[in-house]
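Inspection log for the structure reproduced underneath, given as structure tokens.
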Amino acid sequence: MSDGATGSTEQTPAYRYDAVMAGDIERRWQKYWAENGSFYAPNPVGPLADPARSVPEDKLFLQDMFPYPSGSGLHVGHPLSYIATDVYARYNRMNGRNVLHTMGFDAFGLPAEQYAVQTGTHPRSTTEANIERFLAQIRQLGFGHDERRRFATTDVSYYRWTQWIFLQIYNAWYDDQQQKARPIDELIAEYAQGTRPTPDGRGWAELSTVEQRKVIDSHRLVYQSEAPVNWCPGLGTVVANEEVTPDGRSDRGNFPVFRKNLRQWMMRITAYADRLVDDLDRLDWPDKVKTMQRNWIGRSVGANVYFPVGEHRIEVFTTRPDTLFGATYLVLAPEHPLVEQITGAVWPANVDARWTGGAADPAAAVADYRRAVSLKSELDRQENKDKTGVFTGAYATNPVNGKEIPVFIADYVLMGYGTGAIMAVPGHDQRDWDFAEEFGLEIVRTVQPAEGFDGKAFTGAGPAINSGFLDGMDVEEAKQAIVDWLAERGFGVGTTEYKLRDWLFARQRYWGEPFPIVYDEHGMPHPLPADQLPVELPDVPDYAPTSYDPDDADTEPNPPLAKATDWVEVELDLGDGPKKYRRDTNVMPQWAGSCWYQLRYIDPSNDEAFVAAQNEQYWVGKRPAEHGANDPGGVDLYIGGVEHAVLHLLYARFWHKVLFDLGHVSSEEPYRRLVNQGYIQAYAYTGARGSYVPAEDVSEQDGKFFYQGEQVRREYGKMGKSLRNVVTPDEMCEQYGADTFRFYEMAMGPLEVSRPWATKDVVGAQRFLQRLWRNVVDEQTGEPRVSDVDPTENDLRALHKAIAGVREEFSELRFNTGGAKLIEFNNHLTKVYAGADATPRALVEPLVLMLAPQCPHIAEELWQRLGHTESLVHGPFPEADERYLVDETVEYPIQVNGKVRARVTVPSEAGQDEVRAAALADEKIVEILAGEQPRKVIVVPGRLVNVVA
RNA sequence: GCCCCCGUAGCCCAACGGCAGAGGCAAGCCGCUUAAAACGGUUCAAGUGCCGGUUCGAAUCCGGUCGGGGGCACCA
């Protein structure tokens with residue numbers, strides 16, 4: 001055994017900083033911090049306020065993405081971002097800011113439930129055990145979390161408020177005029193007063209109670225609809241669009257998903273589509289994430305155009321109304337409701353044989369085609385982009401020029417987007433071009449392609465041609481002109497379409513938040529009043545929804561809660577006396593709990609409100625003075641993986657905006673700044689039969705890899721049990737100590753970048769801490785080896801350069817380069833003072849303080865050994881003295897034509913002319929110039945001189 | 001197919017358009033040691049994936065290309 005992985009032996013000094021001593025120090029300081037509440041961040045008001053003093057104005061709220069407490073425990077990749085946030089938190093805390101940092105658990109969800117199904121263990125027991133295990137793992141890493149603010153989404157005291165927020169959303173409607181959500185009572189009042197007409201024009205009072213309810217319910221932000229949803233028999237539940245992968249499987253579990261018409265709870269996120277897109281501009285988020293959200297919402301501006309077909313009218317959506325003159329046919333989605341009505345009885349004379357699908361008449365062709373399409377899987381449709389379709393036998397009239405154009409059905413047009421019908425402009429849309437080529441349809445260009453364009457469909461900009469009154473206009477002009485023209489004549493209207501669909505909110509599972517909804521004898525839903533919350537999850541005999549063959553689409557959801565009949569049947573007084581009701585047996589999706597947890601961190605034990613207004617304003621309120629006039633507020637820094645770019649972050653923004661509209665929060669966005677951390681990946685090795693071998697036992701020789709003498713193949717990817725390449729933080733703490741592990745993880749590279757794990761490199765971090773320790777403490781006696789000797793000028797320069805550098809790097813989250821500057825300064829101390837009796841205290845103390853964010857335990861220990869009685873959790877963090885940052889002389893490299901040929905040293909206050917003169921006087925330069933006058937001399941102050949000969 | 005990110009010593013990574021190296025690992029050598037480990041010192045090592053452009057000057061900016069990673073994908 002070696003590598004510093006073992007404890008002291010008889011030869012090693014008694015006070016060497018090794019893994020055993022590190023462990024001892026770490027446990028001691030973790031205990032100290034816990035007992036002293038070192039990381040408690042005071043609130044302005046409420047149970048977590050400090051009555052003795054007011055809160056500092058300067059605050060920082062930072063947050064890690066909600067962990068799911070998995071049963072398999074953490075590997076070294078998981079804590080990467082937790083360490084980064086902790087370093088940043090500690091750095092800011094030492095600078096005197098009030099720092100809120102904690103971590104709770106997103107603990108509802110499938111794994112605990114599936115485990116329960118297999119073993120009969122209650123999901124709550126599994127969840128609690130997993131949380132304990134998770135806490136044990138992260139606590140040994142010494143994070144400065146405010147322990148008072150921890151909670152799990154499964155706590156009744158938490159999900160009570162999740163249900164409360166659900167009711168706020170349920171009891172609200174979106175006012176398109178005001179562009180905001182308003183309480184449903186205000187809508188009822190508008191109807192009752194007659195300021196808003198009822199759908200069928202009758203007076204409000206003429207409607208029955210049930211009719212009134214139906215009108216109101218149709219406006220709510222939470223509503224039930226009978227619509228095609230994603231039914232996943234393998235999970236026994238429906239899932240949201242966002243949870244379906246491109247190949248038509250479930251995000252969780254990878255089971256087939258089928259479109260099926262079911263009555264389900266939806267949330268009207270589409271009402272917020274514009275604000276969700278527009279407000280991205282107000283956020284300090286990675287462009288990548290913003291782009292993903294924009295694409296997901298998929299706003300496109302265009303027009304609906306009406307094409308007469310006999311007595312019918314086909315409405316198409318297009319983003320290119322300017323190309324209307326080039327529309328040479330229409331295409332309907334095969335499922336389009338107008339298809340039956342327009343399909344002709346017989347083929348027109350001389351119909352193109354390619355158009356008929358070989359059928360005797362249009363009805364047969366349509367029926368055959370629809371059958372063929374319904375048999376295609378999502379995957380088939382995606383992999384096979386050959387254009388197929390059939391002619392309906394009908395012709396539509398192009399309103400702009402009166403031309404009769406054929407109407408097709410084809411599966412490249414989707415029922416779920418726009419109007420389910422398109423005008424095909426093959427000249428300017430590649431899909432239409434492909435179809436037109438396949439079926440021999442006319443192609444008309446209406447935009448002059450760019451010079452030298454030799455492609456097929458031209459999608460670029462250019463002047464309109466073949467377009468009557470539009471000719472000569474550019475694309476934007478033409479769009480505007482044609483939309484006006486259509487609108488004046490009633491042939492169309494400008495519109496905006498979105499890819500975003502409403503959020504399917506119900507799951508037929510057990511381990512989730514129950515809905516605070518009951519049904520009366522008419523089957524009408526009633527929201528519970530807030531004072532009847534929480535609705536607690538009942539115990540059930542069986543946690544599983546009725547399970548099905550994953551491939552059997554002809555099945556129906558049957559939630560586990562339906563089996564809890566004592567719970568489902570309930571007598572309540574909802575204002576008109578005690579009556580019998582049935583509870584809703586759905587549960588909320590796992591995303592519900594993570595939609596608002598940032599707000600609960602602020603005020604976790606508040607029983608009166610989900611968060612107190614003053615606390616919300618303090619921690620996440622808008623701060624235009626700091627962040628600009630357009631600041632939407634939100635958590636100051638949110639770090640997590642990019643995998644949540646759409647789902648979680650979109651839902652959380654949606655909820656937050658509803659809460660803002662209803663006046664419950666002052667901030668408009670949950671997360672002001674977002675950073676995505678990279679992943680720690682790992683090598684895995686496969687043997688001859690393709691099975692994985694334990695990565696830790698593989699050795700390298702000449703670029704080849706061997707396991708037990710046999711050559712193995714290396715792959716790079718995730719860390720995971722099945723790949724047999726897991727390294728855990730527990731092992732690292734045991735072999736090196738938490739501080740070494742923390743330092744190494746930060747040193748590996750920039751936070752945002754993924755990189756491979758290399759256990760063999762960890763020792764570098766340990767050696768650094770050992771050297772540092774040795775510069776402060778005598779390894780033989782354990783006594784501090786510092787002196788009150790004044791540092792030299794040279795020492796002070798090194799020190800203050802380090803301070804300035806570390807401050808800059810830490811405030812930009814560059815902990816890799818920040819750590820390197822600490823090493824650099826420590827190397828300086830080692831070089832100068834390792835041979836001496838002691839190191840000047842004036843150099844050692846700032847170093848210990850600067851080490852504290854990354855390696856807090858050893859820093860506290862050294863700080864105490866240096867004679868301090870106060871913990872350094874609250875600083876101070878050293879300040880650089882400008883005096884020592886400027887050198888007295890500067891060495892300038894002298895380039896001739898960009899190549900370094902000589903160097904001169906001049907006083908740092910020398911002006912450009914002096915530097916220039918010194919450069920030209922250098923004998924090597926004189927030699928090179930050989931009497932010629934240089935054409936140009938560039939002096940970059942403080943950098944270099946370039947002589948252009 | 002479209003979009004985004006990344007290619008720098010054997011490896012992980014630094015470098016406001018200005019001397020390619022801050023830091024760590026590995027390798028070599030020296031010291032300490034009976035010896036080894038540990039420790040300390042020291043050395044070696046790439047011209048920045050490739051081609052072209054802009055510039056006095058390019059790892060950095062621009063265009064193209066190759067390789068790796070990620071996202072979207074018949075969304076009209």
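Below, read A as the first sequence line, B as the second, and so on, with proteins coming before strands; counting in each chain starts at 1.
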With heavy atoms under 4.0 Å as the rule, sort A/Arg935 into base, sugar-phosphate or nothing.
nothing

From C-beta outward on A/Asn816, which listed nucleotide comes closest to its side chain: B/rC25, B/rA14, B/rC19?
B/rA14

Relative to the ring of A/Tyr683, is the ring of A/Tyr685 parallel (under 30°), tilted (30 to 60°) or perpendicular (over 60°)?
tilted

What's the shortest heavy-atom distance between A/Ala333 and A/Met415, and which atoms?
CB-N, 3.6 Å

Identify whether any heavy atom of A/Lys499 sits under 4.0 Å from a base atom; if not, whether one sits that close to sugar-phosphate; answer base, sugar-phosphate or nothing.
base

Any side-chain donor-acceptor pair under 3.5 Å between A/Asp322 and A/Thr446?
no

Does the base of B/rC11 carry an N or O that pairs as donor and acceptor with the side chain of A/Lys760 under 3.5 Å?
no

Whole-Å distance separating the CG atom of A/Leu751 from the P atom of B/rA14
12 Å

For a quick check under 3.5 Å, do A/Arg785 and A/Thr839 share a side-chain donor-acceptor pair by atom type?
yes

Any A/Arg903 side-chain nitrogen or oxygen under 4.0 Å from OP1 or OP2 of B/rC19
no

Using a cutoff of under 3.5 Å, can you pull out all pairs of nitrogen or oxygen atoms linking the protein to nucleotides 56-59 of chain B, with atom names and distances?
{"unit_1": "B/rC56", "atom_1": "O2'", "unit_2": "A/Asn946", "atom_2": "ND2", "d": "3.4"}
{"unit_1": "B/rC56", "atom_1": "O2", "unit_2": "A/Asn946", "atom_2": "ND2", "d": "2.4"}

Check the distance between B/rC13's C1' and A/Phe815's CZ and give it to me in whole angstrom.
17 Å

Contact list for residues 934-949 of chain A, test side chain to side chain donor-acceptor pair (under 3.5 Å), sequence neighbours left out:
none

If you restrict it to nitrogen or oxygen atoms, what contacts under 3.5 Å exist between nucleotides 3-8 of chain B and the protein, and what is each distance?
none

What is the nucleic acid contact for A/Arg755, judged by heavy atoms within less than 4.0 Å: base, sugar-phosphate only, or nothing?
sugar-phosphate

Heavy atoms under 4.0 Å, any strand shown: does A/Asp432 hit a base, just sugar-phosphate, or nothing?
nothing

Ring of A/Phe439, cation from A/Lys387 - is the NZ or CZ under 6.0 Å from the centre and inside 45° of the axis?
no

In whole Å, I'd like the distance from the CE atom of A/Met748 to the P atom of B/rA14.
12 Å

Residue pairs fulfilling ring-ring contact (aromatic ring centres under 6.0 Å, His included) with at least one residue in residues 750-772 of chain A, sequence neighbours excluded:
A/Phe743-A/Phe768, A/Tyr744-A/Trp757

Taking only residues two or more places apart in sequence, or in another chain, which ones meet A/Glu696 in a side chain to side chain contact (heavy atoms under 4.5 Å, CB included)?
none

Close approaches to RNA chain B from residues 798-807 of chain A, in residue order (heavy atom, under 4.0 Å)
none

Would you mind classifying the nucleic acid contact of A/Ser300 as base, sugar-phosphate or nothing, using non-hydrogen atoms under 4.0 angstrom?
sugar-phosphate

